[in-house]
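A short worksheet on the structure shown next.
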Amino acid sequence: MRAYLTLARMSWSTLLIYRGEFLLQLTGVVVQTVALFAVWQAVFAGAAGGEVGGLSWEQMKGYLVVAFLTGALLSSFTDAQIAGPVLHGTVALDLVRPIDYQLSRFALSLGYVVGEVLTVAVMAATLVSAFGGAALPAAGQAGLFLLSLLAVVPLKFGLVYLVGLLCFWTGNFHGLSLSRVAVTNILSGALVPIALFPGWLQVVCQLSPFPGIVSTPALIYLGQARGAEAVTLIGVQLLWVLVLWGAARLLWSAGVRRLTAHGG
C-alpha cells in the first residue's frame, strides 16, 4: 500500500511541475463549457414554457456544471501515464516490479485527481457566477451526489485504462484518445442530456457505462433521481467499475503475451 501512496504523491508533484500545461488543458474544457452554456441559454430563451426536456434553465446550468466537473477529472495527464509506457516500451520494466500494474496506474491517476478537483472547483464557481448562479442539490441529495461523483473516478479510469491498453496493438494513441473523448461526450450526456436523445440511442446509452460519468451524477444533483432510484444508479456505476476492471485485467494479460511474443 505504501508503494501506491508514493506513486500518488509522485503524480501530484508532477502536476505541480507541469502546472502550466495542466491549466492550459483545463482552459480548453472551460472554453467548451462556456460555449455549451451560451448555446443552451439561447435554446432556453426560445423554449415554450421555459423548459427543455423537463429541465429549467437554472437546472440546466447545474447539469452543465456537473458535466464540467466530471469532464475535467482524469485529464490527458492520465492518458499519457497509461498509454506512454506501452508506446515507448518501458512497460516491460513494470513487469519485473513487485507491484500490480493496474493498481499503480490507478494510484498515479488519484494523485492527478487531487489537483484537478481543487482547480476545477474554483473554475466551476467562477463559471457559474458568470452565468448568474445555478441550482444546488437539496440537503438530502448532496451526500448521494458526492458518492456518485466519487464513483466517476474509478469508472472513468476503467475506460481510459482500457483504451490505453489498446496501444499494444495500435502503436498509436492520439486517434484512440480522440475517439474515446468523442464517444464519451455523446453517450454520457455531457453535451446533450440523454433524455433528449431518440429512443434507440437512449437504449444504447443505458446499456453502456457512459451515463455513469455525467448523466447519473447530474440526475442525482438535480434531484431527478432520489432515494432508492439514486442508490440503484450508484450501484450501476459501481457494477460497471467492476466490469471494466475485470475486462482490463484480461486485456492486460493479452497485451503482455503479445509483448513477450515479440521479444519485449
Side-chain angles (χ1 to χ4, degrees), residues 26 29-30 32-41 43-44 47 50-75 113-114 116-159 181 184-197 202 205-206 208-241:
L26 278 184
V29 181
V30 171
Q32 174 182 296
T33 305
V34 170
L36 285 172
F37 264 85
V39 169
W40 281 107
Q41 187 175 38
V43 170
F44 276 91
E51 290 192 356
V52 176
L55 296 176
S56 66
W57 172 229
E58 289 300 312
Q59 289 176 314
M60 190 63 193
K61 286 189 287 185
Y63 185 100
L64 292 174
V65 168
V66 174
F68 170 67
L69 290 172
T70 59
L73 293 177
L74 276 75
S75 64
V113 166
V114 172
E116 290 166 346
V117 167
L118 295 175
T119 308
V120 167
V122 174
M123 288 185 168
T126 304
L127 187 63
V128 169
S129 298
F131 281 88
L136 295 174
Q141 291 291 107
L144 290 171
F145 168 68
L146 288 176
L147 286 176
S148 180
L149 196 60
L150 285 174
V152 169
V153 175
L155 178 59
K156 196 171 179 182
F157 169 80
L159 290 167
V181 171
T184 300
N185 281 342
I186 294 172
L187 298 187
S188 68
L191 303 179
V192 179
I194 293 175
L196 298 178
F197 288 173
Q202 290 187 36
C205 292
Q206 299 306 329
S208 75
F210 298 104
I213 297 175
V214 175
S215 183
T216 293
L219 291 176
I220 295 174
Y221 179 94
L222 296 174
Q224 295 198 338
R226 298 174 176 270
E229 183 183 2
V231 172
T232 299
L233 289 176
I234 294 172
V236 172
Q237 283 179 296
L238 297 177
L239 178 61
W240 274 113
V241 169

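Worth saying up front: this structure is predicted, and the values here are computed from it rather than measured. Excluded from the calculations below are hydrogen atoms, water molecules and symmetry mates; all remaining heavy atoms, backbone and side chain alike, are included.
If you take CG on Leu187 and OG on Ser208, they are separated by 5.0 Å, rounding to the nearest 0.5 Å. The structure places CG of Leu55 at 9.5 Å from CG of Leu64, a figure rounded to the nearest 0.5 Å. Note: Thr216 OG1 to Phe145 CZ = 11.5 Å, rounded to the nearest 0.5 Å. The CG atom of Leu219 sits 10.5 Å away from atom CD of Gln141, with the distance rounded to the nearest 0.5 Å. How far OH of Tyr221 is from CG of Leu69: 8.5 Å, rounded to the nearest 0.5 Å.
Looking only at distances, no side-chain donor or acceptor of Lys61 sits under 3.5 Å from a matching main-chain atom of Gln41.
By the 4.5 Å heavy-atom criterion applied to side chains, Pro209 and Leu155 are counted as neighbours. Looking at heavy atoms from C-beta onward, Phe157 lies out of side-chain contact with Val153 at the 4.5 angstrom threshold.
Applying the ring pair (Phe, Tyr, Trp, His ring centres under 6.0 Å) rule to Tyr63 yields no partners; only residues at least two apart in sequence or on another chain are considered. Remark: Trp57 engages Phe44 in a ring pair (Phe, Tyr, Trp, His ring centres under 6.0 Å) (not counting sequence neighbours).
Taking both residues in full, the closest heavy atoms of Pro154 and Val241 are given as CB-CG1, 3.9 Å, listed atom of the first, atom of the second, then distance. Between Pro217 and Val152, the shortest heavy-atom distance links the atoms CG-CG2, 4.1 Å. Between Ala151 and Leu238 the shortest heavy-atom distance is CB-CD2, 4.1 Å. Here the closest heavy-atom approach between residue Ala230 and residue Ala225 is recorded as CB-O, 3.5 Å.
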Working for side-chain contact (heavy atoms from CB on, under 4.5 Å), residues Gln237 and Leu147
CA-CA 10 Å; Gln237 283 179 296; Leu147 286 176; over 6 Å; no

Could you walk me through whether Leu36 and Phe68 pass the side-chain contact (heavy atoms from CB on, under 4.5 Å) test, one step at a time?
CA-CA 10 Å; Leu36 285 172; Phe68 170 67; over 6 Å; no

Should Ile220 and Ile234 be marked as a side-chain contact (heavy atoms from CB on, under 4.5 Å) after you check the CA-CA gap, both sets of side-chain angles, and the distance that decides it?
CA-CA 9 Å; Ile220 295 174; Ile234 294 172; 3.9 Å; yes

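Screening Val192, Ile213, Leu191 against Asn185 for a side chain to side chain contact (heavy atoms under 4.5 Å, CB included) leaves a single residue, Leu191.
Pairs passing the side-chain hydrogen bond (donor to acceptor under 3.5 Å, both in side chains) check and including a residue from residues 222-234, sequence neighbours excluded, do not occur.
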